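Everything numeric here is computed off the predicted structure, so don't read it as measured data. Note that these values count all heavy atoms, side chains included, but never hydrogens, waters or copies made by symmetry. We're numbering straight along the sequence, starting at 1.
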Amino acid sequence: MAPVDLTANGDVGPSADGAPSDGDNALVQRQMQGERTCAGRTDAKRDPVDSGFIVSLCFLVLGIVLVAVAWVVPREPTVDPDTQPAREIEQIETRYVMLRQHLDNCVMAGIIFLTLGGISLSLILLYAICMGELNHLYDGTTEAQHAGSAR
């Protein structure tokens, strides 16, 4: 695949009209030629293990955030009964009862997300380890088959 020139007039320096600089051209050319990325893959498809790993980590982080928020929010009203009328204290307490119910639901959702994230992460890592071991065993059998033969 031939390198692609992205500048309008053919020079590689930065221009005032916003054309890509030399570094940008080099990056685009490396990507267009299929040079290896940081992950070591040349294909554009994402490995399902990588996607599952990202989703599992998102579940874990979401669960931690939900549980942390539910435990940080105060559950009891800080009202002085001597300064407030009884009806206002009753309204405040009924609001806090509803708030406690919502915070309990938030804790339950956080624990569920933590559980789902942990289970899916452990399954994905187990799958990756097993596939790596199977590939290693497969490579070992092919080398053993060629050990006695002349190459």
### Query
Is Ile119 linked to Val67 within one hydrophobic cluster, defined over Ile, Leu, Val, Met, Phe, Trp and Tyr using a side-chain heavy-atom separation of less than 4.5 Å?
no
### Summary
So OH of Tyr127 and CD1 of Ile129: to nearest 0.5 Å the spacing works out to 13.0 Å
### Query
Measuring from Glu88:CD to Glu93:CD, what's the distance to the nearest 0.5 Å?
12.5 Å
### Message
Counting C-beta onward and ignoring hydrogens, is there a side-chain heavy-atom pair between Val107 and Leu66 closer than 4.5 Å?
### Response
no
### Task
Answer yes or no: is there a side-chain heavy-atom contact under 4.5 Å between Leu103 and Arg75?
yes
### Query
Got a sec: does the CD of Gln84 have more than 12 other heavy atoms crowding it under 6.0 Å?
yes
### Query
Cluster question for you: counting only ILVMFWY and a side-chain heavy-atom cut-off of under 4.5 Å, with indirect links fine, are Phe59 and Ile112 together?
yes
### Task
Could you tell me whether the side chain of Leu99 reaches within less than 4.5 Å of the side chain of Tyr96, counting heavy atoms only?
yes
### Linked, directly or transitively: Leu116 and Leu123 (ILVMFWY side chains, under 4.5 Å)
no
### Query
Within a strict 4.5 Å, meaning less than it, do heavy atoms of the Ser120 and Val55 side chains meet?
no
### Message
Tell me whether Ile124 shares a hydrophobic cluster with Met131, the cluster being built from Ile, Leu, Val, Met, Phe, Trp, Tyr side chains joined at under 4.5 Å.
### Response
yes
### Query
Do the side chains of Trp71 and Ile64 join up, straight or via other hydrophobic residues, at under 4.5 Å, putting them in one cluster?
yes
### Query
What heavy-atom pair brings Leu121 and Ser56 nearest, and what distance separates the two atoms?
N-OG, 3.4 Å
### Task
Could you grab the distance from atom CG of Asp82 to atom CD1 of Ile89, nearest 0.5 Å is fine?
8.5 Å
